[in-house]
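Note sheet for the following structure.
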Amino acid sequence: MAKLTVSDLDLDGKKVLMRVDFNVPIKDGVIGDDNRIQAALPTIEYVLNHNGKAILFSHLGRIKKEDDKPALSLRPVAERLSNLLNKPVTFVPVTEGAQLEEAINNMADGSVLLVENTRYEDVVNGEYVKRESGNDPKLGEYWASLGDEFINDAFGTAHRSHASNAGIADAMRKDGKPVAAGFLMEKEIQFLGDAVNNPQRPFVAILGGAKVSDKIGVIDNLLDKADKIIIGGGMTYTFYAAKGMNIGNSLVEEDKIEVAKNILEKGGDKIVLPVDSVVAKEFNNDAEHKVVEGDIPDGWMALDIGPKSVAEFEDVLKDAKTVVWNGPMGVFEMPNYANGTLEIGKFLGTLSGATTIVGGGDSTAAVKQLGVSDKLTHISTGGGASLEYLEGKALPGIAAIDNK
């Protein structure tokens with residue numbers, strides 16, 4: 001890999017600033033899902049095992065007013081991290097100032113400290129000023145001044161230019177200090193980068209979700225690279241409309257019908273659309289529903305792909321050597337319209353000799369629900385970041401890492 005990584009650094013006795021992604025669901029101080037914390041452990045443990053002092057930065061949620069802060073403290077994360085590492089984690093309840101500086105100066109080699117939610121800096125003295133999410137250079141410089149080296153292991157925020165990723169990186173570079181990728185970031189760049197730029201063929205992309213507008217850039221970028229692009233989810237029906245088909249009450253983006261027409265013309269038989277749909281009388285799990293082929297009848301809305309589509313998609317996928325999947329095939333959160341998404345996830349788990357990469361909340365939830373996560377090559381930790389990477393965009397968090 002062309003980027004500097006944590007294993008290229010001399011960590012012994014160094015104050016190692018680390019941007020991690022601890023943006024986990026917390027309700028009443030209880031963490032709902034600690035996958036993101038666990039994903040950061042290999043890099044943190046590597047730093048500790050090489051006698052570095054790990055100083056961790058992360059955001060949590062969105063902070064627009066002072067009242068948002070108490071519920072979005074990282075203190076519960078520090079406690080969970082301490083349990084996972086089986087060692088104490090010093091939690092500093094501020095983001096700058098003497099208390100933070102003193103805590104860092106008192107760290108022993110091989111110890112770990114977690115700074116309070118970086119987005120506390122978005123509200124100062126009750127005013128919404130976006131110092132963190134607006135990448136205030138002074139804030140990036142201040143945080144950079146606290147350490148000797150910087151590791152970015154937060155792929156989930158790599159598409160954002162924030163003070164705690166791009167800001168710290170820029171300031172470190174000006175001071176001649178190294179900026180490296182952590183193991184998680186390295187893995188994301190490796191798998192997503194290879195899939196897009198150097199895939200083993202056949203290369204099949206599966207794109208789902210509600211809106212064509214969210215995925216236009218991805219489809220456009222992949223049209224030249226993928227052998228087939230399977231389209232599912234709500235955006236299917238904008239493509240149906242582009243083909244002049246009846247879509248009933250199904251979701252459609254009227255202003256994207258022309259775009260969909262252009263994609264169909266450019267893509268030709270590369271684009272694979274569903275041939276049947278599960279349709280319902282209303283957007284409700286318990287509504288009357290049935291399977292129809294082709295056109296959607298008036299008064300009905302399509303909420304999932306049907307069994308023939310599943311079979312056709314599996315036929316396209318069976319010989320694939322690289323598969324990238326982002327977005328559900330239907331309204332996955334309603335059990336009656338989750339089958340398409342679950343069947344695709346299950347099938348991906350049976351492919352042997354293929355690189356299978358899954359990104360996006362619902363697709364990731366599906367493979368976890370099915371227990372096939374360990375049968376897939378890579379589950380991306382960044383929804384928006386992985387989408388922008390698949391679009392071929394330069395991500396600020398990755399661009400800011402030193403080249404080897």
Side-chain angles (χ1 to χ4, degrees), residues 1-3 5 21 39 152-159 181-209 214-233 235 263 266-267 270-272 313-314 316-329 341 344-345 347-368 372-399 401:
M1 195 178 103
K3 292 287 183 185
T5 71
D21 184 5
N152 191 346
D153 209 25
F155 181 73
T157 59
H159 59 315
F183 293 127
L184 181 62
M185 182 73 88
E186 180 184 15
K187 196 177 171 197
E188 295 275 11
I189 296 169
Q190 178 195 337
F191 281 113
L192 286 169
D194 280 357
V196 174
N197 300 316
N198 190 26
Q200 277 195 292
R201 297 194 179 278
F203 168 29
V204 181
I206 311 167
L207 299 173
D214 292 343
K215 302 276 183 358
I216 286 168
V218 181
I219 297 170
D220 221 33
N221 190 40
L222 294 183
L223 271 177
D224 298 327
K225 301 174 188 246
D227 297 293
K228 294 282 184 185
I229 298 175
I230 291 172
I231 288 174
M235 65 174 174
I263 288 170
K266 188 177 168 188
K270 266 193 186 183
I271 306 283
V272 184
F313 290 178
E314 288 177 356
V316 171
L317 289 163
K318 70 178 190 301
D319 299 319
K321 288 291 173 248
T322 305
V323 180
V324 174
W325 178 24
N326 191 298
M329 297 291 99
T341 306
I344 294 300
F347 189 76
L348 288 186
T350 68
L351 294 179
S352 60
T355 298
T356 45
I357 300 162
V358 177
D362 288 325
S363 345
T364 301
V367 297
K368 285 183 176 160
V372 298
S373 306
D374 58 336
K375 295 189 177 77
L376 302 170
T377 315
H378 181 60
I379 295 176
S380 180
T381 54
S386 59
L387 266 184
E388 290 198 15
Y389 206 85
L390 292 174
E391 278 186 55
K393 287 184 178 174
L395 306 191
I398 294 175
I401 297 166

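For reference, positions follow the sequence shown, starting with 1.
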Next item on the list: Under the salt bridge (charged side-chain N to carboxylate O under 4.0 Å, His left out) rule, collect the residues that match up with Asp220, sequence neighbours excluded.
Entry: Lys266

Next item on the list: Would you please name every residue forming a side-chain hydrogen bond (donor to acceptor under 3.5 Å, both in side chains) with Ser380, sequence neighbours left out?
Entry: Glu188

Next item on the list: Check side-chain hydrogen bond (donor to acceptor under 3.5 Å, both in side chains) between Asp227 and all other residues, then give those that pass, not counting sequence neighbours.
Entry: Arg201

Item checked: Set of residues satisfying side chain to side chain contact (heavy atoms under 4.5 Å, CB included) with respect to Ala205, sequence neighbours excluded -> Leu222, Ile229

Next item on the list: Quick one: list whatever passes side chain to side chain contact (heavy atoms under 4.5 Å, CB included) with Leu387, sequence neighbours left out.
Entry: Lys215, Val218, Asn326

Notebook entry, point to check: Under the ring-ring contact (aromatic ring centres under 6.0 Å, His included) test, which residues partner Phe347, sequence neighbours left out?
Noted result: none

Item checked: Results of salt bridge (charged side-chain N to carboxylate O under 4.0 Å, His left out) for Lys393 - residues two or more places apart only -> Glu391

Margin query: Just to verify, what does Lys225 make a side chain to side chain contact (heavy atoms under 4.5 Å, CB included) with, not counting sequence neighbours?
Written below: Val196, Asn197, Phe203, Asn221

Item checked: Lys270 side chain to Ala226 backbone, donor-acceptor under 3.5 Å -> yes

Next item on the list: Taking side-chain hydrogen bond (donor to acceptor under 3.5 Å, both in side chains) as the test, write out the residues that go with Thr356, two or more places apart.
Entry: Thr377

Check: With sequence neighbours left out, what residues match Lys318 under salt bridge (charged side-chain N to carboxylate O under 4.0 Å, His left out)?
Finding: Asp315

Next item on the list: Could you tell me whether the side chain of Trp325 reaches within less than 4.5 Å of the side chain of Ile230, counting heavy atoms only?
Entry: no

Next item on the list: State which residues pass side-chain hydrogen bond (donor to acceptor under 3.5 Å, both in side chains) with Ser373; sequence neighbours excluded, sorted by chain then number.
Entry: none

Check: Is there any salt bridge (charged side-chain N to carboxylate O under 4.0 Å, His left out) pair reaching into residues 379-390, and which pairs are they, with sequence neighbours excluded?
Finding: none

Checklist line | Gap separating the CD1 atom of Ile357 from the CG atom of Leu376, nearest 0.5 angstrom | finding: 10.0 Å

